[in-house]
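Heads up, the thing below is written out as structure tokens.
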Amino acid sequence: MAKVNYSNPVELKIAGYMALKEALGVDNAIRFMQDCYPGSGDYTKEKYEQPDMSIDEVFAMVEEYEKTKAAS
């Protein structure tokens with residue numbers, strides 16, 4: 001297999017997840033990731049603590065983030 005140097009961290013993660021899926025199958029890849037990255041906190045509680053936002057507000061936040069990141 002040819003090795004590729006991934007400079008983009010998103011592409012690297014995608015390639016890693018695809019390799020896991022190919023090697024282990026979907027179910028076992030998910031189980032492996034859950035074992036390695038169990039997470040923390042209380043998702044259900046935190047979910048309801050977040051303010052309700054419209055899709056327009058979410059898009060505005062994404063656009064602002066992208067502008068900030070591009071300026072860096």
**Asked** Residues in side-chain contact (heavy atoms from CB on, under 4.5 Å) with Met53, at least two apart?
**Response** Glu57, Val58, Met61
**Message:** Using the side-chain contact (heavy atoms from CB on, under 4.5 Å) criterion, which residues pair with Asp42? Sequence neighbours excluded.
**Reply:** Thr44, Lys45
**Complete:** So CZ of Phe59 and CD of Glu64: to nearest 0.5 Å the spacing works out to 15.5 Å
Could you pull out every donor-acceptor pair under 3.5 Å between side chains of residues 14-38 and any protein atom, sequence neighbours left out?
unit_1 : atom_1 : unit_2 : atom_2 : d
Asn28  : OD1    : Arg31  : NH1    : 2.6
Asn28  : ND2    : Leu24  : O      : 3.4

**Fill in**
Applying side-chain contact (heavy atoms from CB on, under 4.5 Å) to Asn8 and not counting sequence neighbours gives Val10, Glu11
**Message:** Which residues pass the side-chain contact (heavy atoms from CB on, under 4.5 Å) test with Glu46, not counting sequence neighbours?
**Reply:** Glu49
**Request:** Pick out which of Lys67, Lys69, Glu63 makes a side chain to side chain contact (heavy atoms under 4.5 Å, CB included) with Tyr65.
**Result:** Lys69
**Asked** Can you list the other members of the hydrophobic cluster that holds Tyr43, where links are side-chain heavy atoms under 4.5 angstrom apart?
**Response** none
